[in-house]
Amino acid sequence: MAALLNLLRKPDWYRTTVFYEVPVRSFFDSNGDGIGDLPGVTSKLDYLKELGVGALWLLPIYPSPWRDEGYDISNHYAVHPLLGTLEDFDRLVARAHDRGIRVIGDLVTNHVSMDHPWFQQARASRASPYRPWFLWSDTGKEFSRARVIFKDFEKSNWTWDETAGQFYFHRFYETQPDLNYDHPEVRAEMLKVVRFWLGRGLDGFRCDAVPYLIKREGTNCQSLPEVHRFFQEVRAVMDAEFPGTALVAEANQTIAETVQYFGASNEFQMVMHFPLMPNLYLALAEGSPQRIRHVLQSTLPVPRECAWAYFLRNHDELTLEQVSEDERARFRGFYGRDPRAIVNGSIRRRLAALLGGDDPSILMMTAVILGLPGSAFLYYGDEIGMGDRLVLPDRDGVRTPMQWEDGPTAGFSTAPPERLVRPIVTDPGFAPAARSVAVEEAQPGSLLRRMRSLLRVYNENTAVLSSYRFLPVDLGESPVLAFWRPGPGEQILCLYNFATGPASGTLTLPEAVDPTPIEVLAGEPSCEALGSEVRFHLGRREFSWSRFPAQIVSLGSVAPSAGAGR
Ligand code: NOJ
Ligand code: CA
């Protein structure tokens, strides 16, 4: 009850929440059919609570032929029968709320499955009221400046439909016809979908493929003004009818276009930080955080009540669309040397696989996104360093069953291994014997245990970390990234060593602080302060968060070998 009241009380909860991305099909199978389901997620809520998760993002749970992992919806008002029922959904939301965990869903506005009755009726007759819900052409030549996104799979955004006797437009797979947002009924229907799910208790939506809703001849058909107008309308409905709910934009765009999705605090409360993400990995490989500083300088601050949504990985390929051609090549050189890792020009690997299974690097990268103003989105399994299966097609290799324990099905299901939704990871070093919840629970200093400690420290300090008087400290050419987070009455200094060896130095804070923070998590103090000068020493891949209040208390540092997190 107390947790529930707390939920209701904090309208800007999303600014300091750890989100956890749950692909329901791959998380936990409750009934032994080999497919993860909603009751399975419900049964793992205590695990998520203990990890420190504040909100779940459920990947699409709706009826779908699953040609694009549910991003091809065939009915917006139901749950896929293999995942459960609407009652199972209600129970999951209620049980999550009981624990103070919020739940957001995936709102897929741009397109539907071609199996959807709307498209089936539209293609069957030019006279169908659904015909104008989609985009048709006799030539397939319009909107030629709209790039093809799934370029390894599709040649054009237009596909000829024999039944319709016309081409239809699709920005993604040809099995996903785009809806026509110039048609008022389409916009009204999507508002109905929004009301339906928020009315059942969802706390918001991650909005899929936001930039592509509106098409205009002669443009690249991305981020056009009417797109913003539509989402402002969605937001207005949410504010008026479901206060306290939030919208997160998936807009893989340039910095200039991405920041526009915050609107004037009247559009998305959160926007995924696509421009920063690949730069985090490049910085790590280069041993220099310089590029991170540059991106942050041009993307902070954000409007009041808004927040960046940072992420390291998700269920898609690691997109390189927001870095230059040259940087893309460097990135592939560092992280994509196996040619099977490349899809659509980007990298289909998991966090732990990219970082060579190096726990200190995984922790430090996670701590970077937690230390920035905004919220962090974690991808399921990254907290235990799960690997991937490159032999699976498209992005399936990063969507394998969650590894709960050692064994042939990793404790994901009681079905025989060959009946699982996808095969379990087998690479030595990433298989369940090495990387699973139960195995890591039993190991002092394991990645899972240290992740928990990190999230606990984050959750205990959100009052400071929600402060937007954020000042990145400039350390010139130093391999150390530093953020100074001044909060009400206290401040936090975050330091991260990107070098491949130890790094020492001195930095000047924007204000004088009390000396010598005390380390709490583990290890020796990593910095001492004298007035506004701070001297620091960090080992390889070491990071520290130190609090400088009136009374001196530090949150501690996480040294790779220190066995933190017990
Ligand atoms: C983005 C989603 O994250 C991805 O998985 C999907 O394939 C496309 N949008 C199309 O919905
Ligand atoms: Ca099942």
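As the structure lists them, so they are numbered: ligands from 1, and atoms in each ligand from 1. Only heavy atoms go into these numbers, but all of them, side chains included; no hydrogens, no water, no symmetry mates.
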Could you tell me whether Arg291 and Glu327 make a salt bridge, using a distance below 4.0 angstrom between a side-chain N and a carboxylate O? yes
Close-contact set for ligand 1 against Glu250 heavy atoms, below 4.0 Å: 1 (C), 3 (O)
Are the charged groups of Arg147 and Glu321 less than 4.0 angstrom apart, N to O? yes
Give a yes/no on ligand 1: does Tyr173 have at least one heavy atom closer than 4.0 angstrom to it? no
Pair Asp37-Ser30, side-chain donor/acceptor within less than 3.5 Å: yes
For the Ca ion (ligand 2): the N/O/S atom of Asp29 at shortest distance: OD1
So for Arg206, does at least one of its heavy atoms come nearer than 4.0 angstrom to any atom of ligand 1? yes
Considering the heavy atoms of Arg395, write down every atom of ligand 1 situated less than 4.0 Å from one of them. 4 (C), 5 (O), 6 (C), 7 (O)
Can you list the ligand 1 atoms lying under 4.0 Å from a non-hydrogen atom of His111? 10 (C), 11 (O)
Are the side chains of Val398 and Met386 in touch, meaning some heavy atoms are under 4.5 Å apart? no
Looking from the Ca ion (ligand 2), what is the angle between O on Ile35 and OD1 on Asn31, to the nearest 10°? 150°
Does the plane of the ring in Trp57 sit parallel, tilted or perpendicular to the ring in His315? Use 30° and 60° as the thresholds. perpendicular
The residue among Phe205, Phe242, Tyr62 that forms ring-ring contact (aromatic ring centres under 6.0 Å, His included) with Trp197 is Tyr62
Could you identify the single nearest non-hydrogen protein atom to atom 7 (O) of ligand 1 and state the distance to 0.1 Å? Asp68 OD2, 2.7 Å
Without hydrogens or angle criteria, can the side chains of Asn344 and Glu317 be said to hold a donor-acceptor pair below 3.5 Å? yes
To make sure I understand the geometry: which N, O or S atom in Asp33 is closest to the Ca ion (ligand 2)? OD1
Could you check whether any heavy atom of Glu69 sits closer than 4.0 Å to an atom of ligand 1, since that is the contact criterion I want to use? no
Run down the list Asp106, Thr319, Asp316, Asn110 and name the one with the heavy atom closest to atom 3 (O) of ligand 1. Asp316
Considering only protein heavy atoms, which is closest to atom 1 (C) of ligand 1, and at what distance to one decimal place? Asp208 OD1, 2.8 Å
Does a side chain donor of either Asn252 or Thr319 reach within less than 3.5 Å of an acceptor in the other side chain? yes
When you check the side-chain N and O atoms of Arg131 and Gln166, is any donor under 3.5 Å from an acceptor? yes
For the Ca ion (ligand 2), the closest N/O/S atom belonging to Asp37: OD2
Note: Asp396-Arg348 ion pair, threshold 4.0 Å (strictly below): no
Near His315 (heavy-atom distance under 4.0 Å), the atoms of ligand 1 are 2 (C), 3 (O), 4 (C), 5 (O)
Please state whether Arg171 comes within less than 4.0 angstrom of ligand 1, counting heavy atoms only. no
